[in-house]
Amino acid sequence: MKLLTVDDSAMVRKIIANAGATMGLDVLEAENGEQALKVLKKEWADISLILLDWNMPGMNGLDVLKKIKANERFAGIPVMMVTTESERECVLLAIQEGAANYLSKPFAIEDLIAKIMKTAQREA
Amino acid sequence: MNVDRAIHNDDFPYLDAFVNSVRDVLHTMAFMDAEYVGVRDARECVAPDNVEAAMPVSGQTVGIIAVTAEKNLAARVVSRIVGKNPEDLEKSDVDDGIAEVTNMIAGAAKARLAGTPYHFALSSPLPRRVRDLRLQSNPDMTAPALVFDVDGQRLAVIASLSPEGQKRSEI
C-alpha cells in the first residue's frame, strides 16, 4: 500500500513518512499540487490514500482535491485533508468536494495514525 | 532576547488567542510546555542568530504573524517534532520546521478568532528575517511580541494585526 503526502513543509512530510513507516506503508511525497498530480499520473494505481495540505504555494489543496475528484483514474483514491484550516466551514467545504477525512494541525501522532488507518480501511 | 520593557495586552485584544495557540502547538507537536512571560515590543525580541519565519495574513484583518526563537531552542523544537537529534538536523530543516510551527500557530489562532474583527485568512509561511518586515499594528503603537520561556530559552510570537481601514506602523 502506498500513501501520497502533499505538503509544502518538509517537516510535515517527514512526520507523515515516519508515521507511514511505522504502519508498513510506502510513502510518496509531493511539495505542491502540481507535483502531486505528476506523481498521481505515474503511480495512481498503487496509491491507496492521499494526505493533502490546504495552504500551499501555487495551487491550493482544495483545488488539488477538485482536480483529483474530476479525474476518473484518481477519483476513487481517498483524500484526507491535513491542514491548519480547522474551522467548520473549511471542513464542510472539503467534505463537500470529496475529502474522505480531515485532520487539523496541530495533531497528535496517534490521531494521525488512527485516521490514516480508518480512512484507508473505510475506502478499501 | 530582552523582555524588560512591557507594553499593554489591552491594546491588542487578539493576543490571548495566540498565547493559547502557542501552548497548544508546542505541547501537541513537540511535547514541550511554553510558559508565557508577557507581551513586549517586537523590536526587543529579534536577534541576529535567531531562527525566524513569518506569514502575511489577509482578509478582513491584515498583518504579519512571525515566530523568532533562539537557535538552539528552534533546533530542539523541530527535533522533538520530527523525532531526530538536533545535531542531525540541517539548517534548512530547522528553518522549514519553524515556518511550519508558525503556520500551525497562525491556524490555531485564526480558529480562535472566528467571529471577531481580527479573523484573518492564512497564507504560506516562509523563513525570513523579522527585522526586514513591515509590521502592521495600531496607530502609534509598536508591534506586540508574545514572549515564552520554553525549557529555559526564549521564543516569541509577533502578531501584528490591523482590521482593514486602521492605520499601520512599521517596526
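Source: prediction; values computed, not measured. Lettering of chains follows the sequences in order, A, B, ..., and the numbering in each one begins at 1.
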Visitor: Give the cluster check for A:V82 versus A:F74: same hydrophobic cluster or not, with ILVMFWY residues linked at side-chain heavy-atom distances below 4.5 Å.
Guide: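 Cluster IDs for A:V82 and A:F74 differ.
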
Visitor: Determine whether B:L26 and B:L73 fall in the same hydrophobic cluster, where Ile, Leu, Val, Met, Phe, Trp and Tyr are linked whenever their side-chain heavy atoms lie under 4.5 Å apart.
Guide: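 Yes, B:L26 connects to B:L73 through the hydrophobic network.
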
Visitor: In this structure, would A:L62 and A:L52 fall into the same cluster of hydrophobic residues linked by side-chain contacts under 4.5 Å?
Guide: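 As far as the 4.5 Å side-chain criterion goes, A:L52 and A:L62 are connected within one cluster.
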
Visitor: Could you give the distance from NZ (B:K84) to NZ (A:K14), rounded to the nearest 0.5 Å?
Guide: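 Spacing of NZ (B:K84) from NZ (A:K14) equals 5.0 Å.
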
Visitor: Does atom NZ (A:K67) have a neighbourhood of more than 12 heavy atoms from anything else shown, all under 6.0 Å?
Guide: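 No.
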
Visitor: Considering all heavy atoms of both residues, which atom of B:M104 and which atom of A:T84 are nearest to each other, and what is their separation?
Guide: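 Looking at all heavy atoms of both residues, the closest pair is CA-CG2, 3.6 Å.
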
Visitor: What heavy-atom pair brings B:D96 and A:A10 nearest, and what distance separates the two atoms?
Guide: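 Scanning both residues completely, I find the closest heavy atoms to be OD2-N, 3.1 Å.
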
Visitor: Does CD belonging to A:E72 count more than 12 external heavy atoms closer than 6.0 Å?
Guide: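 12 or below, so no.
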
Visitor: How far apart are the closest heavy atoms of B:S123 and A:N55, and which atoms are they?
Guide: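 So the minimum-distance heavy-atom pair works out to O-CB, 4.5 Å.
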
Visitor: If you take all heavy atoms of B:A111 and A:S86, which pair is closest and at what distance?
Guide: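 Closest pair (atom of B:A111, atom of A:S86, distance): CB-OG, 3.4 Å.
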
Visitor: Kindly indicate whether the side chain of A:S9, heavy atoms from C-beta on, has any atom under 4.5 Å from the side chain of B:N103.
Guide: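 The answer is no, as the side chains (C-beta and beyond) never meet within the 4.5 Å cut-off.
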
Visitor: By a 4.5 Å heavy-atom criterion (distance strictly below it), what part of B:A99 contacts chain A: side chain, backbone, both, or neither?
Guide: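 Contact with chain A is absent: no heavy atom of B:A99 under 4.5 Å.
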
Visitor: Hey, any chance A:I50 and A:M80 share a hydrophobic cluster, counting ILVMFWY side chains that come within less than 4.5 Å of each other, even indirectly?
Guide: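 No, because A:I50 and A:M80 fall into different hydrophobic clusters, even though each may have its own neighbours under 4.5 Å.
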
Visitor: Quick one: what part of A:N18 sits under 4.5 Å from any heavy atom of chain B, side chain, backbone, both or neither?
Guide: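 Side chain of A:N18 only, per the 4.5 Å heavy-atom cut-off to chain B.
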
Visitor: Mind checking whether A:I16 and A:L65 sit in one hydrophobic cluster, side chains of I, L, V, M, F, W, Y counted as touching below 4.5 Å?
Guide: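 Different hydrophobic clusters.
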
Visitor: Decide side-chain contact (heavy atoms from CB on, under 4.5 Å) for A:M11 and B:M29; before the verdict, give the C-alpha distance in whole Å, the side-chain angles of both, and the deciding distance to 0.1 Å.
Guide: CA-CA 11 Å; A:M11 183 178 78; B:M29 298 302 300; 5.7 Å; no

Visitor: At their closest point, which heavy atom of B:T28 faces which heavy atom of A:A108, and how far apart are they?
Guide: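 That closest heavy-atom pairing would be CG2-N, 3.7 Å.
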
